[in-house]
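First comes the structure, then the notes that go with it.
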Amino acid sequence: MRDWATQGAARAARIAAGASFARGKVVALSDLAPFLEAILRPGDRVCLEGDNQKQADVLADALAEVDPAVIHGLHMVQSGIVLPSHLDVFEKGIARRLDYSYSGPQAARIARMLYGGQIELGAVHTYLELFARYFIDLTPQVALIAAVSADRDGNLYTGPNTEDTPTVVEATSFKDGLVVAQVDRIVDRVPRVDIPGDRVHFVVEAGKPFYVEPLFTRDPGAITETQILTAMLAIKGLYAPYGIRRLNHGIGFNTAAIELMLPTYGEKLGLRGKVCTHWALNPHPTLIPAIEAGWVEQIHCFGSEVGMDDYIAARPDIYFTGADGSLRSNRAFCQTAGLYACDLFIGSTLQIDLSGHSSTVTTNRIAGFGGAPNMGSDPRGRRHPSEPWLKAGAEADPDTPAPLRRGRKLVVQIGETFGDGNVPLFVERLDALALAEKLDLPLAPVMVYGDDVTHIVTEEGIANLLLCRNADEREQAIRGVAGYTEIGRRRDAGLVARLRERGVIRRPEDLGIDPLDADRSLLAARSIKDLALASGGLYRPPSQFRNW
Amino acid sequence: MNPAIDLVFEPEALSWYEASARQRVAALVDPGSFHEAVGAEERATSPHLALFDLPEQFDDGMIVGRATLDGAPILVAAQEGRFMGGAVGEVHGAKLVGLLRAAQSLSLDVLILFDTGGVRLQEANAGETAIAEIMRALVDARRAGSRVVGLIGGRSGCYGGGGLIAACCSALVVTEQGRISVTGPEVIETNRGVEEFDARDRALVWRTMGGKHRYLMGGADVFVDDGPGAFRDAVREVLKAPGRLDLDTLDAEQARLERRLARFGAATDAVAVWSALGIADAAAVPGLSTRAFRAVATCRESADDAR
Amino acid sequence: MERLSYTLDAPIPAGGTKPRAIVGVVASGNLEVLLERVLAPDRCTVEIATAAHGFGEVWAAVVADFVARRGAGGLRIAINDGGARPDTVALRLAQGARLIAGDAP
Amino acid sequence: MTLAEILAGLFRGSHDVAVTDGLILGTGRRTGGGLVHVLGIAEGAPLGIDGALILAGRVLAIARSGDDAPILMPIDSASQRMSRRDELLGLNECLAHLAKALMLAEAEGHRTLGLLYGRSAAGAFIATALATGHLVALPGAHPEVMDLPSMARVTKLSLDVLTEKARATAVFAPGLDNLVRTGAIHETWDPEKSLAEQWETCLAAPPASSDRRDRLGAERGGRPCAAAIAERVAARIADHA
């Protein structure tokens, strides 16, 4: 007769092996590597918690210290390849196979290791996609997670950076997997229970907070006049006419400029209360002036942001906060919110081709996807109407009767025609294609597909791809805002002029914008210090962003 | 009421830190009163940068000329901190030498808008010598009765020889962003190691070299907000004092600096210095607004008649 | 340094009467533009010294658009470039034309 | 030459100059018996806040003394002391204070003569030797703003390229000849001849009425523009007066 509880028995065996290193659930920091050798089995699927923000860094370092003769061939299923130790485990043979989502800081090294065959790649996912697979075919046998504090029963307080933890624990613990948490300290009573203790099997006191990258902090001091011009175009040419109230922003300087210009330029246009009221967004410091000026009603966050915790706690009407007063973030929920409950995503990219496909991959850097493809896609399952969604749908498909017409989420790519080092934003062929050939991947790593993109904003103007009726128009609409790049200089001037007459392309002057008005005095804060002052001293920027 | 300006701070339209040298000068003196000497159209560029295949600037990063302030004639020099980090080369330095010599012969006051990383390495010997000439011309002008006021709040700070020139001035006006120092953080780190100075720790950089610390120590005389209006008000204020540089001044400076070493010589960090000054919550100083900072800075060391 | 030089017919004379104007600074990704009113009102020359080599075609396009759209007639324009992007170049040229026309201080 | 050799050459036995912690302090007697104040830096020591204040205090005391004895400032130093403490406590003020003191003493009638006999660099050089009224050097002296390897790092040029460029111009590379050509150093003494005589010749010449270093730089070809630019600026400013 079949044993229907083999997984539970296997977990019990692992717990028993680990218990010899533990007092109750608590494992000493000094025993971490042998402890991991005791609870892991070669070939395990392991989720090492870490995304573009928080990292279970102490557990990651310990995993890289285990003996490859004992533990090898692990299959890592994790959001982020961010710390050097995340790749060390592959170099040492401790891990072999990888399914992941984001690899920003390790983009160059992961590319080298993929080319070198040291990593057997499953796939590069979006966050939400990887989370989904945790519940279907990539369920972890062991999860190594991070929290702020724990009590002796294993109840965890994750603090403002909850992020991926509930999702990882849900998938692991309820499918007979083992959950190990690193915490800064063990306390008698946690400030709030983010993860109930019966889902957590072992806890290690790291004696220091887990690492968090201040990824969403953009220094207003670095925003250029051209970026300000693109922000003026977006506010006046997209946010205002579509009436965008629910939205998500990427992390680039163009969108930071938009955030900083709401209380100045947006106010002058009379848009307060009419746009940008509800957000799926991390606690961007650059949104502080808009919040303080009464623009924002509420924000749900994927994670927190270094230095923003006190400000958030003092603004509970705006943010989601727990009984302890601090932020509650949740990446899976916020990704879902960005996908289904927002009418606009706007973000920057490195390359856009003539079909509107965009990618942040270059041939020697593989940064992964993170959440952008979810934010930057049109959810086919959406059913609730909203004004911008219906308007965009009508522009794309004027002939279908309204009751049967799908709306469209606005997916906007914003950027300058030339990036750092005079590298053009617009290309004939994405580097992602060369990469796919080199690695023999069935799919090129495209961040946002052309058929999801509705608008492209550059300093030359806005291209509304919804209004293009064929591939030729689409190509010329893209060329028509591609500035002095080679793509832009090879435009069909006659067709571009006709597209402009139809409003497919809109120049700054078509919107009543003088590029010479694009001035840094339009920024509600011109420095990180201004942001700290605007927050009433509640925002405490990390040292690397200070000039005081 | 416009909520856009209903914030707890109201910056001036022009940020000194961000402005170019030309913008600063134009906004500082009486409108339209600045007349540049050896302007960009004369193309007095560096004769040495071509050797390094580096781009030139028509004014070599130094603007000098005459202007009026509240109708009174005054001489002005401004460094462009974004061109080669405001570094002093042959032409750049010679323009300031010429201005200071003119100040002495014409008995005029001088404003120097510092923004410099120090000597320009590509013309290091010329730059170093120019610093020495500037200091001598400055001292001569002051001895003859001119007042020379340094204004510090630019991106490149006031480093290297710039720091020495600044300390020769009659008075210094500084913003929080303004840094005054001799050796830059990166150079200290390179020479002495990251344990001595972690150049990436920006909070450390500013509390060691920044405007608030210099003001509290008497290394600067007026602390202002980041805008030309604030600088103008401060210049008016310091120009009320008579110009003076004699042995009494230097004896007073000697006593002032010896007292500083005696009081704070054992401190290893600025926060300890500020505590020793009598500031209760010294660690909070960097985060304070200008108004709040001035309120706690009443216990500062001053350099009145001792610079 | 790469040196480029263009002489163009200018349909729109520069506004105002100022003899000269200067905008911008030479820094990485930035440039200075010196404009001098010394030519016939239907001519414009542009001399460029740039640290970024091999962008002649782009410069030609940016300069041609500028002279076609803004008041540039009568101006001898000299540029020192620290590798600015075309959008920055176009912006500085436009700022220079505005400055010499006297619209801004 | 060593400091001992120099002092012997200048004063024979009649001096009480001592070196403590790299600082030179004392007096000597001229050939005719007149007093000379001697202060400076020895042993390639860096100049920090403490040393600068000691030297400045001594200079100010001399300026107050009422004698008109010359000040000799022998220099063999490193650069300014590079440390967190020095910057925290205002190294720029201490160095500038020393330079001002030297210039004021000169104005009070004390001839100041810098004697560069070893290394010197950057802030230490500016605050001492370059702040004297007349700067002489001995062969073998090695002033520099920054050494070539460091400069190669900062300018991102190879050492070979920099060395090659250094042959074409005096304007950036370290070394005595280059500083002489820029006019920073007025003259180089001949160690084969009597130092005392060369020193007396300096003192016999009338004190310079103005800073002539930029003129020297133009004459010697090390600084082609400085003097002309400075004169042009001063003239234009005066024209508008």
Side-chain angles (χ1 to χ4, degrees), chain A residues 221-233 252-254 257 348 350 414-426 456-462 479-491 493 496-497 500 507-510 513-522, chain C residues 2 4 6 12 14-16 21 23-25 27-33 35 46 48 50-72 79 81-105:
Chain A
I223 293 173
T224 66
E225 292 145 308
T226 304
Q227 286 160 348
I228 288 167
L229 175 58
T230 61
M232 292 166 83
L233 288 165
F253 283 99
N254 308 82
S348 316
L350 285 183
I414 186 168
E416 303 100 286
T417 52
F418 286 87
D420 289 340
N422 264 317
V423 176
L425 174 63
F426 295 91
I456 297 173
V457 181
T458 72
E459 74 276 5
E460 203 186 1
I462 302 174
R479 288 189 188 275
V481 294
Y484 294 103
T485 62
E486 204 169 333
I487 297 286
R489 282 182 282 131
R490 287 197 191 157
R491 70 186 60 175
V496 166
R500 188 174 166 194
R507 302 271 175 242
E509 53 266 41
D510 301 340
I513 294 171
D514 183 348
L516 290 172
D517 291 339
D519 188 280
R520 283 181 47 80
S521 65
L522 283 175
Chain C
E2 184 169 321
L4 304 165
Y6 304 96
I12 313 168
V23 289
V25 298
S28 177
N30 212 333
L31 71 159
E32 71 170 344
V33 179
L35 310 94
V46 183
I48 298 149
T50 174
H53 292 235
F55 289 91
E57 256 185 80
V58 179
W59 279 105
V62 174
V63 165
D65 279 353
F66 165 71
V67 174
R69 291 176 193 167
R70 303 267 175 182
I79 291 174
D81 173 48
R85 303 185 303 197
D87 54 273
T88 309
V89 176
L91 183 66
R92 291 282 173 269
L93 283 167
Q95 286 168 339
R98 177 171 66 174
L99 194 60
I100 201 164
D103 294 348

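Chain naming here is simple, since letters A, B, ... match the order of the sequence lines and numbering starts at 1 in each.
From C/Arg98, atom CZ reaches atom CG of A/Asp514 across 6.5 Å, with rounding to the nearest 0.5 Å. The CD atom of A/Glu416 sits 6.5 Å away from atom CG of C/Asp87, with the distance rounded to the nearest 0.5 Å. Interatomic distance, C/Thr88 OG1 to A/Glu225 CD, rounded to the nearest 0.5 Å: 7.5 Å.
Considering every non-hydrogen atom in both A/Asp420 and C/Arg85, the closest pair reads N-NH1, 4.0 Å. Pairing each heavy atom of A/Pro515 with each of C/Leu91, the nearest pair is O-CD1, 3.8 Å.
Residues A/Tyr484 and C/Val89 fail the side-chain proximity criterion, which asks for heavy atoms closer than 4.5 Å.
With chain C as partner, the option from A/Asn422, A/Thr417, A/Thr485, A/Leu229 having the largest number of non-hydrogen pairs under 4.5 angstrom is A/Asn422. Highest contact tally toward chain A, considering only C/Ser28, C/Ala61, C/Ala90, is held by C/Ala61 [criterion: heavy-atom pairs under 4.5 Å].
Within a 6.0 Å radius of CZ in A/Arg489, more than 12 heavy atoms belonging to other residues, nucleotides or ligands are found.
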